[in-house]
Amino acid sequence: MNIISINRKIKAILIRLRIHRWLGFIENIFLNASYMIRLSRWVDTNRQILIYDDFYNAQPKHGERFQLYKQILDTYTLNEENITYLEFGVASGTSMRWWTDHNIAPSSNFWGFDTFEGLPERYGSLKQGVFNMKGQFPEISDERIHFVKGLFQDTLLENIKFINFSDRVILHIDSDLFTAALYVLTTLFPYLKKGDLILFDEFGVPGHEFRAFVGFVDSFYLKLKPIGAINNYLQVIFEITEINSNRIK
Ligand SMILES: C[S@@+](CC[C@H](N)C(=O)[O-])C[C@H]1O[C@@H](n2cnc3c(N)ncnc32)[C@H](O)[C@@H]1O
């Protein structure tokens, strides 16, 4: 018997034994451990490239993400450039407000996608429904904003034709969940171009946004250039510096 048949036999035995019934409790531990190892490797390989990095920060604070945004705004002189800012995960609109306050170009477009009824799934210790805004959009008086209510999985495709992808896109993934991040990245990929920026709010969470990032770049044979990170790699921003050819123009 060769190694392939031994492998197949073992798998068949494990399925017959219903392995999930007696080892299911370690499933997430193993998954997170595997992505934690990859995250550590990613940091080791990429930290020299970063132009902004606060590692090791003994007191990370979520509010410090605005320092990273400011660095990016200054590095790319984005304050007066026409941009298309796409935010996935808006909740009360804290980050949306920051970007609309700091980009003053009248022709910029800001899109905010969210259920506005909270997380559609459990996220670590956060239960489904956390961040529930009772269906209400944040009160930000800026006519450049379009809010879209519903699951990304239901709303993104029908709105994609209205999004201006010719200006620089800033794609902000702040939806916490693996499923949401992977869906958005893979759906928008054909529309993205060189010079666009992708910002992750929970990059440093191994089993969620980082796992989606790995699945995305591996599946599309894509290289994204990391530009800056804050809060020990919780928030990380990338620039698309090279793209392959088979994409929607
Ligand atoms: C961390 S909050 C966003 C925080 C916000 N950007 C801020 O700066 O305060 C995450 C949001 O993602 C939304 N979300 C997660 N997965 C989603 C999905 N698949 N479709 C729509 N909204 C989703 C949740 O409803 C929640 O409001």
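Atoms within each ligand, like the ligands themselves, are counted from 1 in listed order. The shown structure was predicted, so the numbers you read here are calculated from the model rather than taken from an experiment.
Scored by the salt bridge (charged side-chain N to carboxylate O under 4.0 Å, His left out) test, Asp53 finds Arg47 as partners (sequence neighbours excluded).
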For a quick test of your reading: what N or O donor-acceptor pairs under 3.5 Å do the side chains of residues 104-112 make, sequence neighbours left out?
| residue | atom | partner | partner atom | Å |
| --- | --- | --- | --- | --- |
| Ser108 | OG | Glu81 | O | 3.4 |
| Ser108 | OG | Ile83 | N | 3.0 |
| Ser108 | OG | Asn103 | OD1 | 2.7 |
| Asn109 | OD1 | His146 | NE2 | 3.3 |

Show me the donor-acceptor pairs within less than 3.5 Å that the side chains of residues 14-41 make with the rest of the protein, sequence neighbours left out.
| residue | atom | partner | partner atom | Å |
| --- | --- | --- | --- | --- |
| Trp22 | NE1 | Leu17 | O | 3.1 |
| Asn32 | OD1 | Gly207 | N | 3.4 |
| Asn32 | ND2 | Asn28 | O | 2.9 |

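The pair Glu239-Lys194 fails the salt-bridge criterion, with no side-chain N (NZ, NE, NH1 or NH2) lying under 4.0 Å from an Asp/Glu carboxylate O.
Ile170 pairs in a side chain to side chain contact (heavy atoms under 4.5 Å, CB included) with only one of the listed residues (Ile72, Leu73, Leu78), which is Leu78.
A donor and an acceptor atom, one from each side chain of Glu87 and Tyr85, are located under 3.5 Å apart.
Protein residues having at least one heavy atom under 4.0 Å from any atom of ligand 1 are Arg65, Glu87, Gly89, Val90, Ala91, Thr94, Ser95, Asp114, Thr115, Gly118, Leu119, Pro120, Phe131, Gly150, Leu151, Phe152, Gln153, Asp174, Ser175, Asp176, Leu177, Ala180, listed by chain and number.
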